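Just below is one structure, and these are the notes that go with it.
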Amino acid sequence: MVFTRTEKSATSNSPVTNGVKEDKDFKKLKQSKASPTAPRRSSARIQALQKAEKTVAGPNAVVVKGEDKCKDNVKEGKSKKRSRKNLVVEEQSVLLLKKKPLACGKDEMKVENAVGQIEDKSDTVKVKDTIRLFNKYYLQLVQEEEKRCVRTETQPKDANSPKKSSQKAPKSKKGAPHVDSKKPAKRPDLKAISKMMENNEILYSEKRIGSIPGIEVGYQFYSRAEMVAVGFHSHWLNGIDYMGQSYAKAYSFEFPIAIAIVLSGMYEDDQDNAEDVVYTGQGGHNLTGDKRQIQDQKLERGNLALKNCVEQCVPVRVIRGHDSSSSYSGKVYTYDGLYKVVNYWCETGLSGFKVFKFRLRRLEGQPTLTTNQVYFTYGRVPQSIAEIRGLVCEDITGGQEDIPIPATNVVDDPPVPPTGFTYCKSLKVAKNVKLPSNAAGCKCKGLCNDPTTCACALRNGSDFPYVSRNGGRLVEAKDVVFECGPKCGCGPGCVNRTSQKGLRYRLEVFRTAKKGWAVRSWDFIPSGAPVCEYTGILARTEDMDSMLENNYIFEIDGLQTIKGLGGRERRSQDGEIPEDILNKYEDPSSESVPEFCIDAGSTGNIARFINHCCEPNLFVQCVLSTHDDLRLARVMLFAADNIPPLQELTYDYGYALDSVLGSDGKIKQMPCYCGAADCRKRLF
DNA sequence: GTCATTCAGAGGTAT
DNA sequence: ACCTCTGAATGACTT
């Protein structure tokens, strides 16, 4: 089930876009308390509110301060030079600041709760934001790399090979030995963590013994580099992460001591029995080729660190690496909890060389390991229609989409399928709305790949908004994305048509107990990948006002976002949007409220089943391709995170609290069941 | 399509 | 100046 979407707010890179209910409501909203939701939604809107009512509430001000600091820690990392202690102290002072308002009156109670939640969740959210930042850098660097490849491709010999999808550029830059500049940059993941280190954006740059706040047992990483970004395991290559002598001053242990290990199952002598692990030490093996042992291991570095753990009873975080062929990322790393290093010995391994062995036993009192974690399989993703439990409809699209979308219901008795709507893959336009088709288009041939000449890329700030990796991923949320359209010279395979290529993942509509219908994917979805468009009937908002009970209206607020109106957070930098686009809308009254909306009440696609969540994994992105009218932009949903199979897909409907009025003119409330740690508890 | 091989990668640790 | 249980591209192979 879906409700009216309103203003969006974005948390860092989880974007937001679109419609505001109406400005009178917004005024009401303004009067509402400097809402407890402020922390969660980094939200422009709330910030605007706070600015607007600076005069309010002392305690709130304090809280805000604390939050700001908190945010600083997350976003800018510790920009202070290292010195751990300072950091710790600072964090404590933040805590103090946060706790202060606890003892206050009613309104402040809200704040208190909110603050309490911030604390709980902020660890989780810090991790999430850190990973999102990593993903953003990663995609930016992939983009840079793709650009570089184009350059080297066109330079050497203008290989205008008719090969279609491969503008991949054979990276044999041998032709130009002096490299077309400084950085070969082959590993965007490593570059991304380098960048985060430079900027002090590593979440826990100080190594820690034991568990890491915000990372529960079962947490999944999608690359070694992600772990480095969080500070969970600080080498991207080594299996054993340990604290060296430099920590001797701050602790009374004998160093080095190991703090985290990755089990990749690659050592020929490793044994893994879930709760009980025999881990082979590092060193002495052939780095290339068969990776066999070629010499004796020594009791040094990581091996010594693990030995010291035995004697000093230091627990070690254990991460298991898994191949997951079904995913684009190809690898998954699960955090499986703390283990104690029970003992160690030295033996002659299969290859005849000395190896060290460490027996690890899982500490008690942790969530049980499932076989899914040890022998990694993603839940039970059905392989065929016959395997689907609770199937109530084989394909709700009736064959319209390339990939069928089944519906399942294991909640109702008897199970019922979703009804009351007509599936429609593409947008329909109401009679009184005219969709222009004035986009000029670019003159590229075949595929667009040179952002310096493609007219469409130029509109996006001289870059393609997408990288071609994984079939097209949006590098970051923008106010609006300009895609290639019907008048462009490029073909359908062009990366700048990424949102026009239909569904890419096997989606399922499933029944939930409290939230009605919901949507999930059987496939892994990498961050920045397009998930689906929001379709329905494109209509005038004013015609909708009578239909208060219609919960499927999506207001198109591309224009409002671009202007930063209604508290929306700008996503693009000033000057990035071509002026000819902006200058069209001169009537300020037309700007305050989205003029157009998409009504998916009676007709729509899969998007109408996607639920709201206060901590979503999708974001909304306005896209223009056939015309350049921001008020009529297409609405796309993109993945904000790497999304594992079977995780419910959600986005932030973006309601401001108390912004929705019932037919009686009273404020309507709707509880939120999203279950996020920082849930606002109300949808509106 | 899958497998095997290749190799750059870049910070941490110790010398 | 070492070390390193990645990742991705390439080439060889199998169906």
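Because the structure is predicted, anything quoted here is derived from the model rather than measured. The basis for the numbers below is simple: all heavy atoms, side chains too, and nothing from hydrogens, waters or symmetry mates. Per chain, numbering begins at 1; letters A, B, ... match sequence-line order.
In this structure, the CD1 atom of A/I240 is 13 Å from the P atom of B/dA14, given to the nearest Å. If you measure from atom CG of A/L263 to atom P of C/dT6, you get 11 Å, rounded to the nearest angstrom. In this structure, A/D241 places its CG atom 19 Å from P of B/dA10, rounding to the nearest Å. Atom pair A/R187:CZ and C/dT6:C1' shows a separation of 4 Å (rounding to whole Å applied). Atoms CD (A/Q295) and P (C/dC2) sit 13 Å apart, rounded to a whole Å. The separation between A/I261 atom CD1 and C/dT6 atom P is 13 Å, rounded to whole Å. If you measure from atom CE of A/M243 to atom C1' of B/dA14, you get 17 Å, rounded to the nearest angstrom. Note: CG (A/D189) to P (B/dG9) measures 12 Å, nearest angstrom.
With C/dG7, C/dA8, C/dC5 as the choices, the nucleotide that has an atom nearest any side-chain atom of A/Y138 turns out to be C/dA8. Between C/dA9, B/dG11, C/dT6, one nucleotide has an atom nearer to the side chain of A/R469 than all others, and that is C/dA9. Here B/dA10 is the nucleotide among B/dA10, B/dT13, C/dC5 with the atom lying nearest to any side-chain atom of A/S194.
Under the rule for a ring pair (Phe, Tyr, Trp, His ring centres under 6.0 Å), the partners of A/F358 that lie at least two apart in sequence or sit in another chain are A/Y344. Here A/R473 pairs with A/N470, A/S527 under the side-chain hydrogen bond (donor to acceptor under 3.5 Å, both in side chains) rule; sequence neighbours left out. Residues meeting the ring pair (Phe, Tyr, Trp, His ring centres under 6.0 Å) test with A/F232, sequence neighbours left out: A/F221, A/Y335. Taking A/T453 as the reference, nothing meets the side-chain hydrogen bond (donor to acceptor under 3.5 Å, both in side chains) condition, with sequence neighbours excluded. Evaluation of the side-chain contact (heavy atoms from CB on, under 4.5 Å) rule for A/N308 yields A/E254, A/P256, A/I257, A/L304, A/E311, A/Q312 as partners, not counting sequence neighbours. Here A/A457 pairs with A/P451, A/C454, A/F464 under the side-chain contact (heavy atoms from CB on, under 4.5 Å) rule; sequence neighbours left out. In this structure A/K195 satisfies the salt bridge (Lys or Arg N to Asp or Glu O under 4.0 Å) test with no other residue, sequence neighbours excluded.
Interface residues of residues 230-238 of chain A facing DNA chain B, ordered by number: A/H235, A/W236, A/L237; criterion, heavy-atom separation under 4.0 Å.
An OP1 or OP2 oxygen of B/dA10 is reached within less than 4.0 angstrom by a side-chain nitrogen or oxygen of A/K191. An OP1 or OP2 oxygen of B/dA10 is reached within less than 4.0 angstrom by no side-chain nitrogen or oxygen of A/K195. Distances shorter than 4.0 Å separate none of the side-chain N or O atoms of A/R301 from OP1 or OP2 on C/dC2.
Taking a 6.0 Å sphere around CD of A/E364, one finds it holds 12 or fewer heavy atoms contributed by other residues, nucleotides or ligands.
Between A/E615 and A/K128, at least one side-chain nitrogen of the basic residue sits less than 4.0 Å from a carboxylate oxygen of the acidic one, meeting the salt-bridge criterion.
Counting only Watson-Crick or G-U wobble pairs whose defining distances are both under 3.5 Å, the stems of 3 or more consecutive pairs in DNA chain C are B:1-8 with C:6-13, B:10-13 with C:1-4.
At a threshold of 4.0 angstrom between heavy atoms, the contacts of A/Y333 are confined to the sugar-phosphate backbone, with no base atom among them. Counting any heavy atom pair closer than 4.0 Å across all strands shown, A/E300 reaches no nucleic acid atom.
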